[in-house]
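Working notes, beginning with the structure itself.
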Amino acid sequence: MRQTLRILAGSSNPLLAEAIARRLGVPVSRMLLSRFSDGEVRVKIEESLRGMDAFVVQSTCSPVNEHVMELLIILDALRRASARRITCVIPYYGYARQDKKVKPREPVTARLVADLLQYAGANRILAVDLHAEQIQGFFNIPVDHLYARTLIADHLIQQGFHDQDVVVVSPDVGGVPRATALAEQLEAQLAIVAKRRPEPNKSEVLTVIGEVRGRTCVMIDDIIDTGGSIAAGAEALKRMGAEKVLACCTHAVLSGNAVDRLAVSPLEQVIVTDTIALPPEKRSPKINVLSVAPLLAEAIDRIHRDASVSELFQPYL
Ligand code: R5P
């Protein structure tokens, strides 16, 4: 059944690609990935992929441009090697936050990346927690969009974080549908932190909407980048009398001094997934990593068998 299934790993997250391949019972295909002396990306697929159903696992995380370019070049190599179908498995889609023009003369870079992927040879996309649902519409090829929320919810329930003493908190107004869906899964209450961004990568809490006094608050976001939103939100919740504050997100971007910021924040625990590989210097006892490998492997298996993937979607519309 899986005779034509092939998994390839870009350099962003080889451990995740290996975990996916292991679950599917196939090896990661051999591919040389290196750089020429001037920094150009060098790719050579070292086995025949003619007629194969190829899945390339690459998060376009930092260094973002390197990973995007590497993915484009792998796609070009696969197309020229006559792979039958090429699916980009993009656990974390970088540039996703540039999904609209906020001010005049700004680009829509999430769309530009979508165009580049299709031009380079992608036939389908498999992604996890895209920053905005409308990014699916930037592609003219099928997009299977998975959510890590159930994985996170199961983990929280196992730890006893559910029911009416728990309040799920959205760290901004835009994240309310995501937080509402988690609150439903945990049978918990909902609260909202209203924040503003005076400039990119800075965040200020305006107010907290909802009852948090004496409760355990679970903040949920798609991305923790500088950690500013989550740390400021946690401080505000503590000031409002929350007993405990936890945070969870799908994509642990953790740029700059985010790890230190989370370490000194009132957060007791930060739950993230492995859509982005955490290097040793970003690991901390506070950060708990859950793996999306089983979810992605299941989706790949279904795509390969032409079976329905929708059961895995669980959107929060
Ligand atoms: C933005 O809309 C995202 O959903 C996250 O809230 C944001 O990227 C988090 O950024 P930071 O950790 O830098 O505050």
Side-chain angles (χ1 to χ4, degrees), residues 59-62 64 90-103 106 108-111 113 127-136 138 145-149 152 168-183 190-209 217-238 245-267 269-273 275-276 278 282 284 286-289 315-317:
S59 278
T60 48
C61 54
S62 177
V64 183
I90 311 183
Y92 169 68
Y93 187 86
Y95 282 115
R97 286 171 286 177
Q98 297 187 46
D99 60 346
K100 55 186 165 303
K101 281 180 72 166
V102 177
K103 296 197 173 129
E106 286 185 339
V108 183
T109 317
R111 167 65 201 251
V113 173
V128 184
D129 281 308
L130 288 167
H131 176 62
E133 297 279 349
Q134 66 266 23
I135 292 171
Q136 295 177 60
F138 292 175
H145 185 201
L146 305 176
Y147 303 84
R149 195 187 60 251
I152 292 170
V168 176
V169 183
S170 175
D172 53 36
V173 174
V176 171
R178 182 183 303 112
T180 307
L182 182 66
L190 178 73
I192 302 160
V193 173
K195 79 171 186 203
R196 66 184 277 271
R197 282 205 186 274
E199 57 186 276
N201 291 135
K202 291 255 155 54
S203 84
E204 269 175 29
V205 173
L206 299 173
T207 187
V208 176
I209 305 161
C217 293
V218 177
M219 304 178 80
I220 180 157
D221 211 339
D222 59 333
I223 297 170
I224 299 181
D225 184 349
T226 64
S229 308
I230 285 289
E235 277 155 26
L237 293 167
K238 278 303 237 186
V245 188
L246 284 74
C248 36
C249 78
T250 306
H251 310 298
V253 172
L254 302 181
S255 67
N257 64 352
V259 174
D260 297 335
R261 191 177 257 164
L262 297 178
V264 299
S265 75
L267 289 162
Q269 192 189 149
V270 181
I271 300 159
V272 305
T273 81
T275 58
I276 297 175
L278 268 196
K282 287 192 183 171
S284 116
K286 251 192 201 183
I287 302 179
N288 208 333
V289 184
Y316 44 84
L317 301 172

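The figures that follow rest on heavy atoms only: side chains count, while hydrogens, waters and symmetry mates do not. Whatever order the structure lists them in is the order used to number ligands and atoms, beginning at 1.
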Heavy-atom donor-acceptor pair, [X] side chain to [Y] backbone, under 3.5 Å:
X: Arg178; Y: Ile220; result: no
X: Lys282; Y: Val253; result: yes
X: Thr275; Y: Tyr92; result: no
X: Ser170; Y: Asp172; result: yes
X: Asp221; Y: Ile224; result: no

Item to complete: To the nearest 0.5 angstrom, please state how far the NZ atom of Lys195 sits from the CD atom of Glu204.
Response: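 Reported value, rounded in 0.5 Å steps: 11.5 Å.
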
Fill in: Close-range residues for ligand 1, whose non-hydrogen atoms fall below the 4.0 Å threshold
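The 4.0 Å shell around ligand 1 contains Arg97, His131, Asp172, Lys195, Arg197, Asp221, Asp222, Ile223, Ile224, Asp225, Thr226, Gly227, Gly228, Ser229.
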
